Amino acid sequence: MADMRAFQDAVTSWATGGPEGPARDLAESLEVRTAVLLEGLSDLAAVEALAARRGRDLAAEGVCVVLMGGAMSVGRYAGLLGPPGLGLRLTGLCDEGELGFYERGLTRAQAPLQDIYVCTADLEDELIRALGTAGVEEILRAEGDFRAWQTFQRQPAQHGRPRHQQVRRFLGTKKGRKIRYGRLLVEPLAPGRTPPPLDGLLASL
C-alpha cells in the first residue's frame with residue numbers, strides 16, 4: 001500500500017507540473033494496470049470500503065485509485081495515465097452533471113467512455129436511495145449525529161423539501177462529514193443493494 005501511495009503522490013506531482021519519471025518508474029515496478037479516476041475523498045472512502053467488504057486488495061491487484069480534485073481535471077489525468085501517457089486502463093465514477101467533462105477528456109485521451117460509471121446526481125445520492133432515508137437516519141443515530149440532523153430539518157430552508165434531498169444536503173453541511181459517511185453508508189449495504197455505478201466499478205476491476 002505504501003508503494004501505491006507513492007505512485008499516487010507521483011501522479012499528483014506530475015499532474016501539477018512535476019516530472020514524469022517518478023510516476024512512470026513506479027507504474028512499471030508496481031505493475032499498475034488500471035487507474036480509477038475519482039473526483040473527491042468521499043468517493044474514495046466509498047470505493048475503499050466496498051473493496052474491503054469484498055476482500056479486495058486493489059493495490060496488490062495493480063489498481064491505483066487517483067483523486068483528481070474535481071471533474072474539470074479529468075482531461076489532464078486521462079492524458080497522463082491513459083493511452084497518450086502511461087497506457088493504463090482508465091475507469092472511475094462520474095456525477096451525472098459532470099459527464100461532459102469526462103466525454104471531452106476521455107475522447108482526447110483515446111480512452112473508452114463506457115468504463116466510466118455514471119451516478120444519478122452523485123454517489124451520495126445513490127447510496128441514500130440504496131439505504132432509504134430511514135436506513136441513513138439509523139446510521140446518523142449510531143454516529144451521534146441524529147440531534148444535529150433534527151436541528152437541520154427545522155431550518156426554514158428545509159421546510160417542504162423531500163427527506164431524501166434533506167439528507168443529501170445534511171451530509172455536506174460540515175467539513176469532513178461527507179467523507180466519513182462515504183464509508184459509513186457503504187458498510188451496512190445488504191447484498192444486492194449496492195448502487196449500480198459503484199457495484200459496476202468494483203466488478204470491472
Side-chain angles (χ1 to χ4, degrees), residues 5 8 12 36-56 58 65-74 77 91-105 116-203 205:
R5 295 293 186 196
Q8 292 167 329
T12 299
V36 181
L37 304 179
L38 299 178
E39 294 181 31
L41 287 167
S42 62
D43 295 336
L44 172 64
V47 169
E48 289 185 338
L50 185 59
R53 278 195 58 181
R54 295 185 177 180
R56 302 280 300 275
L58 298 183
V65 180
V66 177
L67 291 178
M68 302 183 296
M72 289 185 290
S73 298
V74 66
Y77 280 89
T91 186
L93 292 171
C94 170
D95 295 350
E96 189 174 55
E98 312 290 3
L99 184 56
F101 292 113
Y102 283 76
E103 289 175 337
R104 292 187 292 273
I116 301 297
Y117 295 83
V118 182
C119 299
T120 301
D122 55 24
L123 184 55
E124 286 74 31
D125 176 80
E126 295 274 1
L127 290 168
I128 293 166
R129 285 190 285 113
L131 288 167
T133 54
V136 176
E137 286 182 332
E138 289 180 11
I139 299 170
L140 294 174
R141 191 186 300 276
E143 292 298 312
D145 285 328
F146 195 73
R147 181 173 295 179
W149 160 239
Q150 290 179 311
T151 300
F152 174 80
Q153 285 181 292
R154 290 194 290 269
Q155 294 178 0
Q158 302 308 316
H159 293 172
R161 294 186 72 188
R163 182 69 59 90
H164 177 103
Q165 293 182 13
Q166 291 177 340
V167 172
R168 183 167 167 248
R169 180 69 187 93
F170 176 73
L171 293 179
T173 56
K174 183 179 178 182
K175 185 177 181 180
R177 179 181 285 154
K178 193 161 81 165
I179 299 168
R180 183 162 61 98
Y181 279 91
R183 174 181 59 82
L184 293 170
L185 297 182
V186 166
E187 291 177 343
L189 286 171
R193 294 296 297 170
T194 305
L198 186 57
D199 188 51
L201 173 64
L202 263 291
L205 299 175

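Please read these numbers as outputs of a predicted model, since none were measured by experiment. All values below come from the heavy atoms of this structure, side chains included, with hydrogens, waters and symmetry mates left out.
In terms of the side chain to side chain contact (heavy atoms under 4.5 Å, CB included) criterion, R147 has no residue partners (sequence neighbours excluded). Here Y181 pairs with D145 under the side chain to side chain donor-acceptor pair (under 3.5 Å) rule; sequence neighbours left out. Checked against side chain to side chain donor-acceptor pair (under 3.5 Å), T12 has no partners two or more places apart in sequence or in another chain. In terms of the salt bridge (Lys or Arg N to Asp or Glu O under 4.0 Å) criterion, residue partners of R56 (sequence neighbours excluded) are, by chain and number, E61. Residues satisfying the side chain to side chain contact (heavy atoms under 4.5 Å, CB included) test with E103, not counting sequence neighbours, are L99, L113. Under the side chain to side chain donor-acceptor pair (under 3.5 Å) criterion, D122 pairs with R168, sequence neighbours left out.
Identified under the salt bridge (charged side-chain N to carboxylate O under 4.0 Å, His left out) test for residues 38-47, with sequence neighbours left out: none. Every pair passing salt bridge (charged side-chain N to carboxylate O under 4.0 Å, His left out) that includes a residue from residues 184-199 is listed here, sequence neighbours excluded: R54-D199, R183-E187.
The closest side-chain heavy-atom distance from L58 to V36 is not below 4.5 Å. Here the side chains of R177 and F170 are in contact, with some heavy-atom distance below 4.5 Å. Residues P195 and T120 form no side-chain contact, since every pair of their non-hydrogen atoms from C-beta on lies 4.5 Å or further apart. By the 4.5 Å heavy-atom criterion applied to side chains, P196 and E126 are counted as neighbours. Side-chain atoms of L44 and L41, non-hydrogen and from C-beta on, do get closer than 4.5 Å to each other. Looking at E96 and D125, their side chains never come closer than 4.5 Å, going by heavy atoms from C-beta outward.
Residues P197 and Y117 share a closest heavy-atom pair of O-CB, 3.5 Å. Nearest heavy atom pair, residue L37 against residue Y77, reads CD2-CB, 4.3 Å. The minimum heavy-atom distance between I116 and C94, with the atom names listed, is CG2-CB, 3.5 Å. When all heavy atoms of F101 and A71 are compared, the closest pair comes out as CB-O, 3.6 Å. The nearest pair of heavy atoms linking H164 to I128 is ND1-CG2, 3.5 Å. In terms of heavy atoms, G182 sits closest to L127 at O-CD1, 4.3 Å.
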Anything under 3.5 Å between a donor and an acceptor, one on a side chain of residues 130-143, the other on a protein residue two or more places apart or in another chain? List them.
| from | atom 1 | to | atom 2 | distance (Å) |
| --- | --- | --- | --- | --- |
| E137 | OE2 | W149 | NE1 | 2.9 |
| E137 | OE2 | R163 | NH1 | 2.8 |
| E143 | OE1 | R180 | NH1 | 3.0 |

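Side chain of R169 to main chain of F152: no donor-acceptor pair is present (N/O by atom type, distance under 3.5 Å, no hydrogens or angles). Although no hydrogens or angles enter the test, the distance criterion places no donor-acceptor pair under 3.5 Å between the side chain of E98 and the main chain of M72. Judged by distance alone, the side chain of Q166 and the main-chain N or O of Q158 form a donor-acceptor pair under 3.5 Å.
We find the CD-CD distance between Q150 and Q153 to be 7.0 Å, quoted to the nearest 0.5 Å. In this structure, CG on L205 lies 6.0 Å from OG1 on T91, to the nearest 0.5 angstrom.
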Carefully, step by step, assess L171 and L185 under the rule side-chain contact (heavy atoms from CB on, under 4.5 Å).
CA-CA 11 Å; L171 293 179; L185 297 182; 3.9 Å; yes
Stepwise, does the side-chain contact (heavy atoms from CB on, under 4.5 Å) test hold for L198 with V186?
CA-CA 10 Å; L198 186 57; V186 166; 4.1 Å; yes
